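So the structure is just underneath, and the comments pick up after that.
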Protein chains: 2
Amino acid sequence: MLSKSCIYGIQATIYVAANASQEFVPISQIASELKISFHFLTKVLQQLTQEGLMNSYRGPKGGVALAKPATEITLYDLIGAIDGTSIFTECMLGLPGCGIAEPCPAHEHWTKIRNELTVIARRLTLETMAKKAGELNVRLTDEFRYAQRLFPSIKPINGAQA
Amino acid sequence: MLSKSCIYGIQATIYVAANASQEFVPISQIASELKISFHFLTKVLQQLTQEGLMNSYRGPKGGVALAKPATEITLYDLIGAIDGTSIFTECMLGLPGCGIAEPCPAHEHWTKIRNELTVIARRLTLETMAKKAGELNVRLTDEFRYAQRLFPSIKPINGAQA
DNA sequence: CAGATTTCAGACTCTTTTGTCCAAAATAAG
DNA sequence: CTTATTTTGGACAAAAGAGTCTGAAATCTG
């Protein structure tokens, strides 16, 4: 569904958004907390800065930060910046120009799903996901936390208890 | 979204289902009409026969045929046989065990989409898609037909005009 | 039986994705 | 100015996906 690059990018961006206290968050910190290869994540985040979703800063106290308020970045933006928007537009069978005029046999059904996916991705903001990530039982990585805070450095935003 | 193998498998199966007159359809015929590499398609269809969705027969007059009536094979079966069912079950961020207890930040939204996709894929039968494929303006490949029948050997099933 | 047809099985190549590594450029702090 | 930190950029390797090819096994036809 989503590429590894895209998944890492989404996870990292949520992490940065949830970590509102730091101005610039070093990629090394993100990588170690999310258990992602540092060098690989570096490239992914470079792409997000090139797409204008993040700002970066070199040197000590440097790192990456959101280029816009978390309310103005959506899941759609993140996916589009890394994997491209083809998931939201393409035919299930990959047929170019599949539409009402010359559809594939599954066109109408797939279109329905695709449109709902698009609506949801456009509505789901980074702020919403970051708030979720601050809740006790919600996680960003494959590690279960079981009532422990996985990222002690991140304070719960939405009144979730630690 | 779907792998090339899976797309080819779906296209080929629809073709076979739409081609109800032939008992066994040679893979070479499917490959040439759908413009798919013969050897590659061979492997994909082999997988479908191993999964019990198709029967195959060697030698002259041989080829592949549906192992079950087209009403009893769904899009879900085809995808599951080639790409596996992970699309229908997995977390958007790929987190193992992502569920109500320990969800990812996008869990509830993605679950909604995923469930609808599952319902649609389970309901969409090969018969329905094959009927569609028999209609004049519907196509299985990236070639537009523009009011020409792309596969003259296949007769329209559902009263579509040629 | 001989020859033609077709699937089966495996080896092989090419491309894309994923992951690793290293040196250079920018910046902060002493 | 020097050193440590951090992103940038590119090269490189490993793994997976996509596609090609060859020979063997099965089966029909004559």
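The chains referred to below are lettered A, B, ... by the order of the sequence lines, with proteins before strands, and numbering in each begins at 1. Note: hydrogens, waters and symmetry copies are ignored here, and every other heavy atom, side chains too, is used. Since the structure is predicted, the reported quantities are computational estimates derived from the model, not experimental observations.
Of the candidate nucleotides dA18(D), dT6(D), dC28(D), dT6(D) has the atom lying nearest to any side-chain atom of Pro26(A). Looking at the side chain of Arg58(A), the nearest of the listed nucleotides dA26(C), dT20(D), dC22(C) is dA26(C). The nucleotide whose nearest atom lies closest to any side-chain atom of Ser56(A) is, among dC21(C), dT7(D), dG19(D), dT7(D). Set against dT20(C), dT5(D), dT7(D), the side chain of Pro60(A) has dT5(D) as its closest nucleotide.
Between the CD atom of Gln29(B) and the C1' atom of dT7(C) there is a distance of 15 Å, given to the nearest Å. In this structure, the NZ atom of Lys4(A) is 13 Å from the C1' atom of dA14(D), given to the nearest Å. What separates OH of Tyr8(B) from C1' of dT20(D) is a distance of 13 Å, to the nearest Å. For Ile30(B) and dT6(C), the CD1 to P distance is 12 Å, given to the nearest whole Å. Look at NZ on Lys61(B): it is 17 Å from C1' on dA26(D), rounded to the nearest Å. Between the CZ atom of Phe40(A) and the P atom of dA11(D) there is a distance of 18 Å, rounded to whole Å. For the pair Gln47(B) CD and dC8(C) P, the computed distance is 12 Å after rounding to whole Å. When rounded to the nearest whole Å, the span between CD of Glu23(A) and C1' of dT27(C) equals 16 Å.
Remark: side-chain polar atoms of Asn137(A) are paired, donor with acceptor, to backbone N or O of Ala101(B) under 3.5 angstrom. No side-chain donor-acceptor contact under 3.5 Å links Glu127(A) to the backbone of Ala70(A).
A salt bridge links Glu116(B) with Lys112(B): at least one charged nitrogen is closer than 4.0 Å to a carboxylate oxygen.
Between its two ends, the helix from dC1(C)-dG30(D) to dG30(C)-dC1(D) turns its axis by 0°, counting five pairs per end and rounding to 10 degrees.
Annotation: Lys61(B), atom NZ; neighbour count of heavy atoms from other residues, nucleotides and ligands within 6.0 Å does not exceed 12. No more than 12 heavy-atom neighbours from other residues, nucleotides or ligands sit within 6.0 angstrom of CD on Glu23(A).
If you check every strand for non-hydrogen atoms under 4.0 Å, Thr42(A) touches a base. When heavy atoms are screened at a 4.0 angstrom cut-off, Ile27(A) is found touching the sugar-phosphate backbone but no base atom. Counting non-hydrogen atoms under 4.0 angstrom, Gln50(B) reaches the backbone sugars and phosphates but no base.
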Given salt bridge (charged side-chain N to carboxylate O under 4.0 Å, His left out), test Lys132(A) with Glu108(B) step by step and report yes or no. CA-CA 11 Å; Lys132(A) 276 276 179 201; Glu108(B) 51 183 328; 3.4 Å; yes
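Nucleotides of DNA chain C nearest to Leu45(B) and Ser5(A) differ in position, and the one nearer the 5' end is that of Leu45(B). Nearest-nucleotide positions on DNA chain C place Tyr57(B) closer to the 5' end than the other of Phe38(A) and Tyr57(B).
Put simply, Ser37(A) has a side-chain N or O that comes within less than 4.0 Å of OP1 or OP2 on dT20(C). Using a 4.0 Å cut-off, some side-chain N or O of Gln46(A) falls inside it from OP1 or OP2 of dG9(D). A sub-4.0 Å separation between OP1 or OP2 of dG19(D) and a side-chain N or O of Lys43(B) is absent.
Test Leu126(A), Ile82(A), Leu45(A), Leu48(A) against Leu53(A) for side chain to side chain contact (heavy atoms under 4.5 Å, CB included) and you get one pass: Leu48(A).
The distance from the CH2 atom of Trp110(A) to the CG atom of Leu124(B) is 12.0 Å, given to the nearest 0.5 Å.
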